[in-house]
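Data first, discussion second: the structure below is written as structure tokens.
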Amino acid sequence: MRDAVTTLIGTYDVAGRYFDRDAIERLKSYFETGTARVQAAAAINGNAAAIVKRSGSQLFDELPELIRPGGNAYTTRRYAACLRDMDYYLRYATYALVAGSMDVLDERVLQGLRETYNSLGVPIGPTIQGIQIMKNIVKEQVAASGVSDTNFVDEPFDYMTGELGEQDI
Ligand SMILES: CCC1=C(C)/C(=C/C2=NC(=C\c3[nH]c(/C=C4\NC(=O)[C@H](C)[C@H]4CC)c(C)c3CCC(=O)O)/C(CCC(=O)O)=C2C)NC1=O
């Protein structure tokens, strides 16, 4: 698992090079945004259960068929599995935000996920919708905690939905 700094070091070490201007710019940006990223993580940690609950409620309001007989989140067990998945997405998004790297998502969340979902009939489109709902709720929370520019919060959520939605070739 890598963060923004170890990734950069890896790249330059393979080439046997000192950091150039580009690398320095990236390091600067990583450290300059550090406080906001940590503050976002704190805002999420303090509200994680509520964020997951609200995201689930909004998803099931928008797509009530998910929790009706025949829906993938129908029955208490599957409803709970769905919210647990949302909680995974939130927790790992927080790690990726702090790391400034999406590597943890590839390694711990996305690997084999689409195959698992397909084999269990977990619908991908609604999962993507749920992650996007959660992104917007998280951004509200992060903004409310005093972070002025919350655009960086998009990245891990958009990364997960992009990877999940990718079509097989
Ligand atoms: C940390 C990385 C990680 C992830 C991401 C993960 C996902 C994951 N979600 C699963 C199931 C599931 N996932 C869902 C999710 C949903 N159903 C819907 O209709 C909604 C659209 C959606 C919620 C938003 C459901 C309902 C199941 C249970 C499916 C079943 O057993 O029939 C399963 C199958 C095994 C199990 O039930 O625990 C895995 C592995 N597991 C992991 O370890």
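The structure displayed is predicted, hence computed values, not measured ones.
D158 approaches T161 most closely through the heavy-atom pair O-OG1, 3.2 Å. When all heavy atoms of A41 and T94 are compared, the pair lying nearest together is CB-CG2, 3.6 Å. Taking all atoms of both residues into account, the shortest heavy-atom contact from F152 to V147 is CE2-CG1, 3.9 Å. The two residues S145 and V142 make their nearest non-hydrogen contact at OG-O, 2.8 Å. Here the shortest heavy-atom pairing between L105 and Y92 reads CD2-O, 3.6 Å. Closest approach of R37 to G100, counting heavy atoms only: NH1-N, 4.0 Å.
At a threshold of 4.5 Å between side-chain heavy atoms, the hydrophobic network of Ile, Leu, Val, Met, Phe, Trp and Tyr places I44 and Y159 in one connected group. Cluster membership check: L110 shares its hydrophobic cluster with Y95, using side-chain heavy-atom separations under 4.5 Å among Ile, Leu, Val, Met, Phe, Trp and Tyr. Y74 is not connected to V122 by any chain of hydrophobic side-chain contacts under 4.5 Å among Ile, Leu, Val, Met, Phe, Trp and Tyr, and they are in different clusters. Grouping the Ile, Leu, Val, Met, Phe, Trp and Tyr side chains by contacts below 4.5 angstrom, directly or via other members, places V38 apart from F31. Linking ILVMFWY side-chain heavy atoms closer than 4.5 Å, directly or via other members, places V14 and L8 in two distinct hydrophobic clusters.
A donor-acceptor pair under 3.5 Å is formed between the side chain of S55 and the backbone N or O of I51. Side chain of E107 to main chain of M1: a donor-acceptor pair is present (N/O by atom type, distance under 3.5 Å, no hydrogens or angles). R114 places a side-chain N or O within donor-acceptor distance of the main-chain N or O of E166, the cut-off being under 3.5 Å. In this structure a side-chain-to-backbone donor-acceptor pair under 3.5 Å is missing from D87 to L83.
The distance from the CD1 atom of I9 to the CZ atom of R2 is 12.0 Å, given to the nearest 0.5 Å. With values rounded to the nearest 0.5 angstrom, N72 atom CG is found 12.0 Å from L63 atom CG. Considering CG of L59 and CZ of R54, their distance stands at 13.5 Å, rounded to 0.5 Å. To the nearest 0.5 Å, the span separating CE on M134 from CE on M160 amounts to 6.0 Å. In this structure, NZ on K135 lies 10.0 Å from OG1 on T150, to the nearest 0.5 angstrom. From F157, atom CZ reaches atom CD1 of I133 across 12.5 Å, with rounding to the nearest 0.5 Å.
Within the 4.5 Å cutoff, side-chain heavy atoms of D3 are placed close to those of T6. With a 4.5 Å cut-off on side-chain heavy atoms, D85 and Y117 count as touching. For the pair D154 and K139, the minimum side-chain heavy-atom distance is below 4.5 Å. Residues Q58 and I137 meet the side-chain proximity criterion, which asks for heavy atoms closer than 4.5 Å. The shortest side-chain heavy-atom distance between D103 and T7 does not fall under the 4.5 Å cut-off.
Remark: R84 CZ is packed, more than 12 non-hydrogen atoms of other residues, nucleotides or ligands lying under 6.0 Å away. Crowding of Q39 atom CD: a count of heavy atoms from other residues, nucleotides or ligands under 6.0 Å exceeding 12. Applying the 6.0 Å contact sphere to CD of Q132 captures more than 12 heavy atoms from other residues, nucleotides or ligands.
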CA sep, side-chain torsions, deciding dist, call: R26, Y30, side-chain hydrogen bond (donor to acceptor under 3.5 Å, both in side chains): CA-CA 6 Å; R26 287 207 236 172; Y30 175 73; over 6 Å; no
Chi angles and distances behind the side chain to side chain contact (heavy atoms under 4.5 Å, CB included) call for V52, Y89: CA-CA 9 Å; V52 169; Y89 297 132; over 6 Å; no
